[in-house]
Number of protein chains: 2
Amino acid sequence: MNEGVEWAMHSCVNLSWAPGEAVTAKRLAAFYNLPTAYLNKQLQALTRAGILTSVSGPKGGFQLARDPRDISLLDIVVAIDGPDDAFRCMEILKEGPGADARADYTKICVISQAMRGAELTYRRELANRSIADIAAEVVRLNPSAPDNTRNRFANLKS
Amino acid sequence: MNEGVEWAMHSCVNLSWAPGEAVTAKRLAAFYNLPTAYLNKQLQALTRAGILTSVSGPKGGFQLARDPRDISLLDIVVAIDGPDDAFRCMEILKEGPGADARADYTKICVISQAMRGAELTYRRELANRSIADIAAEVVRLNPSAPDNTRNRFANLKS
DNA sequence: CTATCCTGGACATCTAATATCCAGGATATG
DNA sequence: CATATCCTGGATATTAGATGTCCAGGATAG
């Protein structure tokens, strides 16, 4: 899985603690010492997916597009890593005995079904975890996290 | 995920229908028109993982090392694709504010925990599906599959 | 002894992930 | 309006991993 997923999740949690404020890609990158241009690519993907909104120009930057309770970890995985399953059925049964050339073996093949089923449970787990859930759990473990985050945003070179 | 996982799973199902018989890599590859040398690499990985046994020389080949009821889809995924999670926590929190250099953020980080949890449900699903389960389901849909497989093994050029 | 076939390492190729750069457009501010 | 800031998106370079091939060596059946 793309490493940008981790960056994006942490960035979204941090943005949830800076509501109404646009944070530049530069600051978000400096927060974890990440390459600015590359993180920017991930932020653009999140924006295209409707998870973030962006504003150009001075005072511009990124912020969450909606309530963090309505942004799931799955939303972020799909935005950054794409919608494809980890296991991609290549329909090798089409090369086997008695194959039906018109059949869709991604649907018929029992192995494909089993892998797809496991993937669905994975996705269900991620769909049930929101950025707000994560943020709340972080606060429970470290109540000063939101303040620390806001302070760091304020102190980082734009 | 490595495409060899799909090849390995189908090959194991087919081997479950040829008990006691050693099948060469060449035949297993020809079955689905796969590259022999590369499939052989996957078969070797399965052998090292204790899922297959191999015999060198004439009449040699591969067969299942144990009852197909005791070979799970997870066993095969781990053997071919390795034990690592899809999401690999890079501990970017170590670069954040108030980081503890000695902490293991793969364990502490809430995001890492959430991703790990989803991965565990995925693995649990795969661990609960055996090659015997898959084979039985294939037979239910196509009762002649075992015979077809044995015939194809017999007819393919060694 | 010989033909067969697995073993494992070396090597080549291709794709995707990672990363950088820049021209262009949007916008806040003076 | 002029300017500095900052997102957008495409082009490009680099690297790692996946994919695939080849061969020398060893095991074994006949």
Side-chain angles (χ1 to χ4, degrees), chain A residues 1-8 11 15 21-30 32-63 65 77 79-88 90 92 153 156-158, chain B residues 1-8 11 15 21-30 32-65 77 79-84 86-88 90 92 153 156-158:
Chain A
M1 178 172 296
N2 196 316
E3 190 180 344
V5 170
E6 183 180 9
W7 303 356
S11 294
L15 285 172
E21 174 190 358
V23 183
T24 66
K26 208 170 185 177
R27 270 190 237 263
L28 286 166
Y32 293 119
N33 198 23
L34 303 173
T36 304
Y38 193 33
L39 174 65
N40 190 40
K41 287 268 181 274
Q42 325 293 343
L43 297 174
Q44 285 183 37
L46 294 174
T47 302
R48 279 191 296 270
I51 294 169
L52 300 183
T53 57
S54 62
V55 178
S56 288
K59 295 287 181 182
F62 298 87
Q63 46 185 316
V77 168
I80 303 292
D81 220 46
D84 291 347
D85 284 6
F87 178 88
R88 190 163 56 111
M90 298 301 286
I92 69 174
F153 277 151
L156 286 169
K157 296 282 181 199
S158 170
Chain B
M1 179 173 292
N2 196 315
E3 191 179 342
V5 171
E6 183 180 9
W7 303 357
S11 294
L15 285 172
E21 175 191 355
V23 183
T24 66
K26 207 170 187 176
R27 270 189 235 264
L28 287 167
Y32 294 120
N33 200 23
L34 303 173
T36 303
Y38 193 33
L39 174 65
N40 190 40
K41 286 269 182 274
Q42 325 295 344
L43 297 174
Q44 284 182 37
L46 293 175
T47 302
R48 278 192 295 272
I51 294 169
L52 301 183
T53 57
S54 63
V55 178
S56 290
K59 295 286 182 183
F62 298 88
Q63 46 185 316
L64 297 184
V77 168
I80 303 293
D81 220 47
D84 291 347
F87 177 89
R88 189 162 57 112
M90 298 300 287
I92 68 175
F153 277 151
L156 287 169
K157 295 282 182 201
S158 169

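In what follows, chains are A, B, ... by sequence order, proteins preceding strands, each numbered from 1.
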Closest to the [X] side chain: [options]?
| X | options | value |
| --- | --- | --- |
| A/K59 | D/dC7, D/dG30, C/dT29 | C/dT29 |
| A/P58 | C/dT27, C/dC6, C/dA19 | C/dT27 |
| B/S54 | C/dT20, C/dT7, D/dT21 | C/dT7 |
| B/R48 | C/dT18, C/dG8, D/dT19 | C/dG8 |

Expressed in angstrom and rounded to an integer, what is the separation of [X] atom [atom1] from [N] atom [atom2]?
| X | N | atom1 | atom2 | result |
| --- | --- | --- | --- | --- |
| B/M1 | C/dA16 | CE | P | 17 Å |
| A/M90 | D/dT19 | CE | C1' | 11 Å |
| A/E6 | C/dT18 | CD | C1' | 15 Å |
| A/F62 | D/dT8 | CZ | C1' | 9 Å |
| A/I80 | C/dA16 | CD1 | P | 18 Å |
| B/R88 | D/dG17 | CZ | P | 8 Å |
| B/Q63 | C/dC6 | CD | C1' | 14 Å |

Ignoring hydrogens, what is the shortest heavy-atom contact between [X] and [Y]? Give both atom names and the distance.
| X | Y | value |
| --- | --- | --- |
| A/A79 | A/A49 | CB-CB, 3.6 Å |
| B/A45 | B/I80 | CB-CD1, 4.2 Å |
| B/P35 | B/A29 | C-CB, 4.4 Å |

* Give, ordered by number, those residues of residues 36-46 of chain B having at least one heavy-atom distance below 4.0 Å to an atom of DNA chain C; if nothing qualifies, reply none. =>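 Of all residues in residues 36-46 of chain B, the ones placing a heavy atom under 4.0 Å from DNA chain C are B/N40, B/K41, B/Q44.
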
* Can you tell if the side chain of B/Q44 reaches within under 4.5 Å of the side chain of B/L52, non-hydrogen atoms only? ->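 Of all side-chain heavy-atom pairs linking B/L52 with B/Q44, none is under 4.5 Å.
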
* Asked: Any side-chain heavy atom of A/M90 within less than 4.5 Å of one from B/E3?
  ->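 The answer is yes; the side chains approach within 4.5 Å.
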
* Asked: To 10°, what angle do the rotation axes through the five end pairs on each side of the helix from C/dC1-D/dG30 to C/dG30-D/dC1 form?
  ->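 Its terminal axes enclose an angle near 20°.
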
* To do: Considering just the side-chain nitrogens and oxygens of A/N2, establish if one lies under 4.0 Å of OP1 or OP2 belonging to C/dA16.
  =>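 Answer is no, no contact under 4.0 Å.
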
* Asked: Which sits closer to the 5' end of DNA chain D, B/S56 or B/P35, going by the nucleotide each is nearest to?
  ->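 Counting from the 5' end, the first nearest nucleotide belongs to B/P35.
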
* To do: Find which nucleotide of DNA chain D each of B/V55 and A/K26 is nearest to by heavy atoms, and output the residue with the more 5' nucleotide.
  =>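 Comparing both residues, the 5'-ward one is A/K26.
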
* Asked: Is A/Q63 reaching over with its side chain to a backbone N or O of A/V23, donor-acceptor style, under 3.5 angstrom?
  ->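 No, the answer is negative, given that no donor and acceptor are paired below the 3.5 Å cut-off.
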
* **A/F87 backbone acceptor or donor facing A/D85 side chain under 3.5 Å** =>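 Checking the backbone N and O of A/F87 against the side chain of A/D85, no donor-acceptor pair under 3.5 Å is found.
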
* To do: Kindly compute the distance separating NZ (B/K26) from OG1 (B/T36), expressed to the nearest 0.5 Å.
  =>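 Here the rounded value is 7.0 Å.
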
* side-chain contact (heavy atoms from CB on, under 4.5 Å) partner of A/F62, the single match among A/N40, A/L46, A/I51, A/T53 ->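 So the option named by the test is A/N40.
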
